[in-house]
Amino acid sequence: MSLLIEIFKTSVGKKFYMAISGLLLLGFLVFHLSGNSTLIFGHETFAAFVDFLAGTGPLIYFAELILALIFLSHIFLGIILTLSNWKARNVKYSVSNSRGGQTFASKTMPYTGFILLLFLIIHLLDYTITKYMSGWDGWQLAMHVSDSFKNFARLSFYIFAVIVLGVHISHGFWSLFQSIGVTHTQYTKMLQKLAKVLGVLFAIGFATIPFIAVTLAK
Amino acid sequence: MSESNTIHLTLRVWRQPNAATPGRFETYEATNISTEMSFLEMLDVVNDQLALNGIEPIAFDHDCREGICGACGCVVNGQAHGHLKGTTLCQLHMRHFRDGDTLVIEPFRAKAFPIIKDLVVDRSAFDQIIQAGGYISVKTGSAPEASSILVPKKNADLAMDAAACIGCGACVAACPNSSAMLFVSAKINHLGQLPQGQPERYRRAIHMIEKMDELGFGNCSNHLECEAACPKEIQFVNIGRMNRDYIIAKLFHNEEAF
Ligand code: HEM
Ligand code: FES
């Protein structure tokens, strides 16, 4: 335990945790997207899946707790790292020109992260918390999901957020390997391309969910 | 022989008498600049003119003027060592600028590199990082037989590539986070690739990284601006290898570190 705290104290260690938490979040997204995709087979399948998860009782609470901890550490570290990076350049350049190292995605990691945090809060309030508070079963949640996306503002914000997620992943996915020391003159270039592909895939994957939901509701 | 031309430039130079006094930009004209001059020679010419006019010459760092010592460097139009790839400021020639250009010349900016005067910054933080572990401990005395320890070609090449780092600080200047990771990783890999560097390999990674953090450099967000700005074209994979050394050191060799 004290070793883990010692690692946390250094820059490289913080980025190590950032990378591991990012990787775990990506794992969660795969699971989340697969779960949501059950909507393709109709409200019943989706509801059955939701009820199945709820039926695991303590298991799902435990999983949610772990997930919350992963999110919180990623967010906490993201804030700490970003603030210390800003502090390290205490006087700004009056002229600053990239030589092509940075990308739009790498430059905006703190901002895309912040938007994802806002989205996360709204998203939890919209579905997870509403479900718990109202004591809904899977079917009621499925109806609520379909209903909710008829609201244009919510739909647009959702689409915007998943695009932002795609941008975050298009840098994050390769960056995490570099941060944990998995690096190579050639393979890292492949990871950089793969990160962009994954970013697009995640964005498209999540963006299709509301359209399926709205179509089902008709 | 290439044709010699002269150009005329407008310079906006950061002037700051010392760390405690706030600085500002001053505008100077650089007239009749031969395109065969280096950037530093251009500054010499401007300084001569300033001195004649009773103005304090612009302070800037330099030593070898042949791209090998790492003393020179400032930020020209927002790019460390100017716009030419793989080039130190002293090796940047005026033929790479156009007549009538305006150049904004600033010092390297980082909290860990406080300004001494004008374009001169204090890079002794780099020396402190080296003192923390950027060396190998050997018995001094008569030189050992050169080939008594064989080095695989691949490692020799990687070590040599990393050893090309001249410690100029352009990586810190170019990094949006003022991170020193490219410098530190070059030093760690230069020694870590060689058999002679093995006994202290993990201790070195831990101590140099801790020192770097303590001195107020930023973290690495993998923007790769450092690699793009490095006059010696040190590769960012060195940073990944350093991260690997650090994590292995902490998880498996932590006791040996002290
Ligand atoms: C499910 C959502 C998310 C995923 C999959 C994700 C994934 C990642 C990954 C893989 C990285 C790269 C780590 C590295 O460079 O080693 C990263 C970096 C980052 N993330 Fe996230 N992240 C998510 C949500 C968030 C949120 C909500 C924040 C809000 C604070 C955030 C802030 C950041 C920041 C600031 C960085 C850059 C850190 C740095 O390099 O200095 N992320 N993320
Ligand atoms: S003066 Fe030595 S590298 Fe430029």
Side-chain angles (χ1 to χ4, degrees), chain A residues 2-4 6-20 77-78 80-103 105-110 171-172 174-189 192 195, chain B residues 12 14 23 25 75-80 83 85 104-107 109-112 114-115 172-181 184 205-206 209-210 212-213 216-229 235-248 250-251 254:
Chain A
S2 70
L3 184 62
L4 295 181
E6 254 179 59
I7 293 176
F8 167 80
K9 283 187 190 147
T10 59
S11 52
V12 176
K14 282 192 199 79
K15 278 299 304 238
F16 178 69
Y17 289 139
M18 197 73 198
I20 299 291
L77 280 164
I80 301 229
L81 283 169
T82 304
L83 290 181
S84 90
N85 290 342
W86 287 349
K87 230 175 69 188
R89 165 120 334 120
N90 52 346
V91 181
K92 300 270 167 292
Y93 287 110
S94 62
V95 183
S96 173
N97 274 312
S98 166
R99 289 184 112 104
Q102 278 174 295
T103 59
S106 82
K107 241 184 296 193
T108 53
M109 283 309 266
H171 176 73
W174 85 263
S175 174
L176 83 89
F177 287 100
Q178 172 81 353
S179 301
I180 59 175
V182 180
T183 187
H184 189 274
T185 39
Q186 298 310 315
Y187 299 152
T188 298
K189 290 200 185 97
Q192 287 172 329
Chain B
R12 296 199 60 226
W14 185 259
F25 281 102
V75 172
V76 182
N77 285 346
Q79 295 182 324
H83 61 284
K85 195 172 157 47
V104 179
I105 307 172
E106 287 181 83
R109 296 205 188 272
K111 183 161 170 276
I115 289 186
V172 175
C175 175
N177 305 343
S178 297
S179 169
M181 300 260 177
V184 178
I206 292 176
I209 286 169
E210 282 176 356
M212 162 181 82
D213 291 345
F217 291 102
N219 312 281
C220 180
S221 295
N222 299 321
H223 289 302
L224 312 189
E225 282 295 325
C226 54
E227 180 189 78
Q235 293 186 317
F236 78 84
V237 286
N238 283 298
I239 300 178
R241 294 196 191 107
M242 170 183 77
N243 295 342
R244 189 190 312 164
D245 268 13
Y246 174 78
I247 290 155
I248 293 176
K250 267 302 185 190
L251 294 181
N254 203 25

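Basis for what follows: all heavy atoms, side chains included, without hydrogens, waters or symmetry-related copies. In what follows, every chain begins at residue 1, and chains take the letters A, B, ... in the order their sequences are listed.
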Check B:Cys220 against A:Lys15 and note the closest heavy-atom contact, atom names and distance. O-NZ, 3.1 Å

Which answer fits B:Ile239, side chain, backbone, both or neither, if we ask what part of it has an atom under 4.5 Å from a heavy atom of chain A? both

Of the backbone (N, CA, C, O) and the side chain (C-beta and beyond), which part of B:Gln235 lies under 4.5 Å from a heavy atom of chain A, both, or neither? side chain

So which heavy atom on B:Arg109 is nearest to which on A:Arg89, and how close? O-NE, 2.7 Å

Which atoms of B:Val237 approach chain A - backbone, side chain, both or neither, heavy atom under 4.5 Å: both

State whether the number of non-hydrogen atoms from other residues, nucleotides or ligands found under 6.0 Å of A:Lys92 atom NZ is greater than 12. yes

Heavy-atom closest pair, residues B:Gln79 and A:Ser98: NE2-O, 3.3 Å

Quick one: what part of B:Tyr246 sits under 4.5 Å from any heavy atom of chain A, side chain, backbone, both or neither? side chain

Identify which part of A:Leu81 has an atom lying under 4.5 Å from any heavy atom of chain B, answering side chain, backbone, both or neither. both

Show the nearest heavy-atom pair for residues A:Ser106 and B:His223, with the distance to one decimal. OG-ND1, 2.8 Å

Identify which part of B:Cys175 has an atom lying under 4.5 Å from any heavy atom of chain A, answering side chain, backbone, both or neither. backbone

Given B:Arg241 and A:Thr183, is the side-chain contact (heavy atoms from CB on, under 4.5 Å) satisfied, shown in steps? CA-CA 7 Å; B:Arg241 294 196 191 107; A:Thr183 187; 4.1 Å; yes

Where on A:Thr188 is there a heavy atom nearer than 4.5 Å to chain B: the side chain, the backbone, both, or neither? side chain

When B:Glu225, B:Met212, B:Arg244 are compared by non-hydrogen pairs under 4.5 Å with chain A, the top option: B:Glu225

Within the 4.5 Å heavy-atom criterion, are A:Gln178 and B:Phe236 side-chain neighbours or not? yes

For the residue pair B:Met181 and A:Val12, establish whether any side-chain heavy-atom pair is separated by less than 4.5 Å. yes

Determine, stepwise, if the pair A:Ser84 / B:Asn219 fulfils side-chain hydrogen bond (donor to acceptor under 3.5 Å, both in side chains). CA-CA 8 Å; A:Ser84 90; B:Asn219 312 281; 2.6 Å; yes

Whatever's closer than 4.5 Å to a heavy atom in chain A on B:Phe25 counts as side chain

Non-hydrogen atoms of chain A under 4.5 Å away: do they reach the side chain of B:Ile115, the backbone, both or neither? neither

Most contact-rich option vs chain A, by heavy-atom pairs under 4.5 angstrom, among B:Leu224, B:Asn222, B:Val104, is B:Asn222

Whether B:Asp213 side chain and A:Ser11 backbone form a donor-acceptor pair below 3.5 Å: yes

Please report the closest heavy-atom contact between A:Ala88 and B:Gly218, naming both atoms and the distance. CB-N, 3.4 Å

What I'd like to find out is whether the side chain of A:Leu3 reaches to under 4.5 Å of the side chain of B:Leu251, using heavy atoms alone. yes

Ranked by heavy-atom pairs below 4.5 Å to chain A, first place among B:Ala229, B:Ala173, B:Ser178 goes to B:Ser178

